[in-house]
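None of the values given here were measured: they were computed from a predicted structure. Each chain gets a letter, A, B and so on, in the order the sequences are listed, and its residues count up from 1.
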Number of protein chains: 2
Amino acid sequence: MPENTTPHKRTGTKQKILKVSTALFSELGYKGTSVRKIAKEVGIRESAIYNHYKNKEEIFLEVAKGIFSSPFSQGNTDIKESAMKGKAFLQNFTMQYKLLTFDKSNENMFRLLMIELFQNKELREQFMSEFHDKNVKILSEAFFIMMQNSLIRSQDPMMMSYEFLSTLFYMRLQITLMRFDNDSTTAISTQFEKHVEFFWESVRI
Amino acid sequence: MPENTTPHKRTGTKQKILKVSTALFSELGYKGTSVRKIAKEVGIRESAIYNHYKNKEEIFLEVAKGIFSSPFSQGNTDIKESAMKGKAFLQNFTMQYKLLTFDKSNENMFRLLMIELFQNKELREQFMSEFHDKNVKILSEAFFIMMQNSLIRSQDPMMMSYEFLSTLFYMRLQITLMRFDNDSTTAISTQFEKHVEFFWESVRI
DNA sequence: GTCTATATCACGATAGAC
DNA sequence: GTCTATCGTGATATAGAC
């Protein structure tokens, strides 16, 4: 027995608002997206929006929340195990990253992040923790294990992760920008594999 | 005999508009900056703005133009000469980049760039050509020379530049974000030097 | 070149009928 | 839960006096 808003009919409208808002915020940023546009796209009047959300800010925060919960940590495939493979681990990690880069919904997330990064403190913190720290942590563990197994030369694992990750991020930024203008990304897309090659040659023993 | 607008008095107003606009656009983005705010800060009425610029867009493009002409290529110190020094060249290049990162006006520029990157096609093109291509070109030349002199291992110079640059960019982004929130950047600021060390160890023969 | 005054518009949000 | 109607605000931009 559900006792929430819209008891028996499906909660379609609220979800539709969220879906439409996600697309619009991603494309136009916070200021560029108006409640008017959202309502129009959803197919209701502006005033009806306020039956579901207190105000525009509440919609945005809900969008931001949902967007970050998209799991980057894939299957949590035992790091201790896979890190032993050395180069293959990095190839796999990079592949996952590449897939995210070219995934449509993640592309929107990334765009929204970049647009609002300097305007929303909450988003900045999520960027640092979800985007950066999380990946550095995974990579650091892996590099540490590789060092223990004498696969790579000894270095600060955190620093190594930073070096490895920053290039992935920069490629992602460039590709997202290029796709935004419908430029071809074939040339740069092979860069991911080259990056792994270069990095591995730099650190392997 | 000047025959332009404001014949004998100084053209202070137009320059002041530009100066104020630069600060405001950098802080608030395009949508967040209103002609009202600009006028108020300058100390004139909104309508007076239109004696100097056709519209808001024209002001913004002028700001963007000026902001990119800030020369990264410093003294154009003969690359052929300095590249021979190998590691010292990279240290010098990175030092310049670090100075830019911590320079207040360049910090504003970078923030503006990040805010509007996905909203303004012209800015994207300027980013690609001025920000990326230019630096890749300088570094590629240097790496090529280093290879010729057997200072570093043989690789695609462009690719090497990409690898070297992307980390600098990522550090810059992180530092700018942290400074935005008044977080301490002492820990990350030494990363620049570590990056050069790591990279040099990766490529030197 | 600056001012006052105004036109026109889009925005976020609310009140109240259905 | 959605609608119509409306308010208040702040935005870009223009016309015309000084």
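- Under 4.0 angstrom from either OP1 or OP2 of C/dA10 there lies no side-chain N or O belonging to A/Ser34.
- Atom OH of B/Tyr30 and atom C1' of D/dT12 are 9 Å apart (whole Å).
- A/Leu24 places its CG atom 12 Å from the P atom of C/dC11, with the value rounded to the nearest Å.
- Two residues, B/Ala48 and A/Ser47, neighbour DNA chain C, and the one matched to the more 5' nucleotide by heavy-atom proximity is B/Ala48.
- Remark: C1' of D/dT12 and CD of B/Glu57 are 13 Å apart, rounded to the nearest angstrom.
- Figure legend: B/Lys14 and B/Tyr53 shown as a cation-pi pair, the cationic atom lying under 6.0 angstrom from the six-membered ring centre and within 45 degrees of its axis.
- Straight-line distance from the CZ atom of A/Arg45 to the P atom of C/dA10: 16 Å, rounded to whole Å.
- Atom CD of B/Glu58 is separated from atom C1' of D/dA13 by 14 Å (rounded to the nearest Å).
- Across the protein-nucleic acid pair, A/Lys31 atom NZ and D/dA11 atom C1' stand 12 Å apart, rounded to whole Å.
- Within a 6.0 Å radius of CZ in B/Phe144, other residues, nucleotides and ligands contribute 12 heavy atoms or fewer.
- At least one test fails for A/Arg124 against the ring of A/Phe118: distance under 6.0 Å to the centre or angle within 45° of the axis.
- Positionally, the nearest nucleotide of DNA chain C for A/Arg36 lies more toward the 5' end than for the other of A/Lys54 and A/Arg36.
- Taking atom NZ of residue A/Lys40 and atom C1' of nucleotide C/dG12, one finds them 17 Å apart after rounding to whole Å.
- The structure places CE of A/Met114 at 13.0 Å from OG of A/Ser26, a figure rounded to the nearest 0.5 Å.
- Atom NZ of A/Lys37 is separated from atom C1' of C/dC9 by 14 Å (rounded to the nearest Å).
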